[in-house]
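As the structure is a computational prediction, the values presented were derived from the model and not from experiment.
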Amino acid sequence: MGSQFAPVPIKSRKQDPAWKHCHMLKDGEKVQLKCVYCSKVFRGGGIHRIKEHLATLKSGNASPCSSVPPDVCDQMQKSLDGITPKRRKTQKVGEEIMRISGGAETQKIGEEIMRIAGEAETLAIEGDANTGLHMFGAMDPLEPCSASGLLVNREVSSSAARDKRKRGRKSSANTNALAFNTSGLGADADAAATLNTTGLDEDVVAPNTTGLGAKRVNNHLNMAIGRFLFDVGAPLDAVNSVYFQPMFDAIVSVGSESLLPSQNDIRGWVLKNSVEEVKADVNKIAAAWGKTGCSVLVDQQKTETKVQLNFLVNCPEGMVFLKSVDASGFSSSSDALYELLKQLVEEVGLNNIMQVITNNDELCIAAARRLADTFPSLYWTPCAVCCLDMILRDFSKIGSINAIIEQARSITRFMYNHSEVLNMVRRYTFGIDVIEPAVTHSATNFTTLKRIVDLKQNLQSVVTSQEWVDSPYSKKPGGLEMLDIVSNQSFWSTCDRITQLTNPLLRVLRIVGSKKRPAMGYVYAGMYRAKETIKKELVKREEYMIYWDIIDHYWRQQWQHPLHAAGFYLNPKFFYSFEGDMPKEIHSGMLDCIERLVPDIRMQDKIVKELHSYKNAVGDFGRNMAIRARETLLPAEWWSTYGGSCPNLARLAIRILSQTCSSRGFNRNHICFEQLHDVRNCLEHQRLRDLIFVQYNLRLKQIRGSEDKEQNYVDPISVDTVSVVEDWVREDICFEDYSNSDWMALDQLSLNTMFLGLPVDEVDELGAGFGDEEIFDRLDE
C-alpha cells in the first residue's frame, strides 16, 4: 500500500461487527477499506463486501480472506445469515405503514422504509471527505415501535453530524428524523403513532458492541438500575461483573411473584452458602498444588493510618485468597509477620510451596528470609512488579525523560479537562484514548508516551484541522501549548527514543502480570532483552550504563535468584537457542534449585544425570515434534509431553516453570478491609472475614474466567484509575475556571482498537540468541 493512504477519523458509531476488522483509509477524495488480516484493499462495495471477504464466501462479491481467524469468520457468516430476514422484516414495516392509511404522506414514509431496507446493506460511506467521514454500517432493521430511527434522510443525517461538532448545538438523529402527521388517519392513528418513539421511558434499539445485530435498550430498566447503584453508593463498574447478567436472568426466570431477599437473608444464609461454594472452588485449585507447586504471595496495602497484608496462593490453576491481616502494629519487629508466614506454610503444606513472594519492604524481607532459613526447601523471592516499578520510576527522573513526560502531561491535562477538546481528539483517534493506564504509576508514564507516539499522525491532524482552528480552545494558553508541542519534531524524536528504551521493560511487566502463562520461564530472558535493547539504542557505554546501573540496582537480587536462572535454563525455547556454553551463573542457579527443592540426595543425583539427556536433546527431547513445540507449547506443557524419559527432572521442571513472579493480587477497591480491621465484635468480625473471603475469591475467579476475553474499557478520568493516572489528568486550578466544560457533553465512546494493530504475543518478541557476554559478566560484579 502506498504512502498516499492515510487513516480517516470516524465521525459516527458503526453498528456492523465487520467494522472492528478493517481500517478506513483515504486516498485523495476516495475512501477505501482495508482488511486487517490480509491487508487487501477494497475500493468499493462498502462494509458488506468486507463482511463477505471475512466470511470467506466463495459465492460473494469479494475474494475470501486467507488469514481471517476462525472465530471472526464464523461471526461474519452468522451476521450475513441474519441480513436477509432482517431486511424482509423492515420491508414488512413499510408495507404495514402503507396499509394503515392510503394518505400520500404515509405512503411516502412506507416507501422510504422499504428503500432503506434494500440499500442498507451496501451503504458504507457518506459525508464530506474534507470535514471528516460520516460512516454507516449495514443497518439493522428495527422493530415497528422504533421504526422512526430508520426515517432519517441521508442529507439531514450528514448535516446533523456536522452540526453536532458546533459548540452548544444540541442535535440528534431523533430530532432530525422524518416525522409524519398521524392526524386524520382514523382508527389506525394510534398504531401509526407508535412508530415515533422518542421518550426517555421508551425502549430504543442500540448497537450491540459485543455481538451481532442490535439489542433493545430498556431505558426504564436502565434508570432503575442506575438509581439503585447511586442510592447505595455501589461502584458503577459493578455492571461489568460476570454475575450481573445471571442475577437478572434469575429475576426474570422466577417472575414478579417471588419475594426479594431481605438484609438478614443476604448476611445470613446467602452468605453461608456463598462461603461453602467459594471454599469448594478453592479446594479444587488446591488439589493441583502437589503437582505444579505453588507460590505464597504477601500483598501489602498501605493507607494513611494502616498497613494491611493480604495472603494469597498462586498456581497455574489460578490464584486464591486466604486471609487479610492488619499489620499496623508490626512496624517495630518482623517476629509477628514471621509467625504468620510460618503458620501459613503449615496450612498450605511445605511440600507444595516453592517460594514466598513479598515486596521490597524491609519488614517483609526480614520475615521472609527468616522463613526461608527455617524451611530450607523454599525460597524467598522479591516481587518482580515492584522491582520493575522502581526501575521505571528512576528512569522517569532522568532529566531528558522527565522533561518530555511533563510536556506530554500538559497535553493530556488540557485534553481531559475540556469536554469539547476531548471529543474532538477522540474522533481523530478513532475513539482510542491518549492515556493508557498501566498497573503502576511509573509504568503509566511510559505506556502513555508509547500511546502518544502511536497516535502521532492523529494528534497532528487535530491541531491542523479547520475544526481546531475554529474552536475557541485553540486560542487558550493550553491549546497554544498543545499546538507547539505536537508540532515540535524534537518532542517526537525524543519520545520515540524513550519508548524504544522502555518498551522492553514494559513487555516484561506485561509478561509478569499475564494470566495466560506463568512468568518464571520468561523473566530472565525479558530482562536480558531490555538491557540488550538499551545498549543497541544508545551504543556509547557511558550513556547506556546510566540505565544499566538503575536496572542492576533494583534487579540484582532477581538476576542472582536461582529460580529465575532455573526458569531460563529449563525453558526449551531459550535453552536450545543459546549459542556456546551456558553462563556459569545460570548453571549454578539450576544446581542450587535441585539441592534446595529436592531434599532427597538420591533423587538429586538422578536429576543431575537426566540433565545430560536434556542438554543433548536425547530421546524424546530430540523428536521433530518436540523441536517444533519448543516455540509453541508452554514450557511446563512441553516437559509434561516430552519429558517422560526423565521423570524426575520433568517433575522439578514443571514445578519451577509453573510459578508466578509477582505478589500483586488485583484491584482491591470496594472490599471492606477497613471495616474488618476496625470492628470490635467477635461475631461480626467473623462474618466480615467470611464476606471478604467470598468477595476476593469471586473476583479472582472472574479474572480466571476472562483471560481470553476482551477487557472492559477503563476511562482514564474515572476515580478507579486515579492512583495511576492522576498526574496525567489533574489540573491544580479552581474548578470554577472550567465552568464551560461539561461532562454531559462528552460523546459516548465507540472503540476501534484495531487501529493500533492486532495484539502481539509478548513472549514471541523475546526471540532467540543470547550472545552479549557483557550482560552476563555484570552478574559477577
Please round to the nearest 0.5 Å and tell me the distance separating atom [atom1] of [X] and atom [atom2] of [Y].
X	Y	atom1	atom2	answer
I285	T292	CD1	OG1	10.5 Å
L657	E637	CG	CD	11.0 Å
N240	Q702	CG	CD	8.5 Å
I607	L652	CD1	CG	5.0 Å
N360	C387	CG	SG	4.5 Å
R510	N503	CZ	CG	7.0 Å

Donor-acceptor pair, [X] side chain versus [Y] backbone, under 3.5 Å?
X	Y	value
T499	K450	no
R451	D433	yes
S662	V385	no
Q659	R655	yes
K515	G513	yes
N352	V348	yes

Is the [atom1] atom of [X] crowded by more than 12 outside heavy atoms at less than 6.0 Å?
X	atom1	value
D581	CG	no
H441	NE2	yes
E346	CD	yes

Item to complete: Evaluate salt bridge (charged side-chain N to carboxylate O under 4.0 Å, His left out) for D772 paired with K531, printing each intermediate quantity in order.
Response: CA-CA 10 Å; D772 192 327; K531 297 184 75 172; over 6 Å; no

For [X] versus [Y], what's the shortest heavy-atom pair and its separation?
X	Y	value
V725	P716	CG2-O, 3.0 Å
P504	A530	CB-CA, 3.5 Å
L378	R596	O-NE, 2.8 Å
I401	S396	CG2-CA, 4.0 Å
W289	C294	CD1-CB, 3.8 Å

Worksheet item: Do we get R529 above F770's six-membered ring, with its NZ or CZ under 6.0 Å from the centre and within 45° of the axis?
Response: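 Relative to the ring axis of F770, which defines the angle, R529 lies inside both limits.
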
Are any of the side-chain heavy atoms of [X] and [Y] separated by less than 4.5 Å?
X	Y	result
Y696	V320	no
I405	R409	yes
C593	I656	yes

Discussion item. If we check ring pair (Phe, Tyr, Trp, His ring centres under 6.0 Å) with F568, which of these qualifies: Y522, Y528, F574?
Written reply: F574

Fill in: Residues that R369 engages under side chain to side chain donor-acceptor pair (under 3.5 Å), provided they are two or more places apart
none

Worksheet item: Would D281 and K701 pass as an ion pair if we require N to O under 4.0 Å?
Response: yes

Worksheet item: Between L344 and V296, is a side chain to side chain contact (heavy atoms under 4.5 Å, CB included) present by the stated rule, with each step listed?
Response: CA-CA 8 Å; L344 202 64; V296 172; 3.5 Å; yes

Discussion item. Would you say the ring centers of Y524 and W555 fall short of 6.0 Å from each other?
Written reply: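 So the answer is no for these two rings.
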
Discussion item. Could you walk me through whether K535 and E774 satisfy the salt bridge (charged side-chain N to carboxylate O under 4.0 Å, His left out) test, starting with their C-alpha distance in whole Å, then the side-chain angles of each, then the deciding distance to 0.1 Å, before giving a yes or no?
Written reply: CA-CA 10 Å; K535 180 178 179 179; E774 184 181 13; 2.7 Å; yes

Using a distance-only test with no angle check, is there a side-chain donor-acceptor pair under 3.5 angstrom linking [X] and [Y]?
X	Y	answer
S324	N310	yes
T444	W728	no
S295	Q355	yes
R664	N359	no

Discussion item. Students often mix this up, so state it plainly: with edges at 30° and 60°, are the rings of Y576 and Y614 parallel, tilted or perpendicular?
Written reply: perpendicular

Fill in: salt bridge (charged side-chain N to carboxylate O under 4.0 Å, His left out) assessment of D727 paired with R413
CA-CA 8 Å; D727 290 338; R413 286 167 183 163; 5.1 Å; no

Worksheet item: What salt bridge (Lys or Arg N to Asp or Glu O under 4.0 Å) pairs are there with at least one residue in residues 311-322, not counting sequence neighbours?
Response: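 Sorted pair list comes back empty.
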
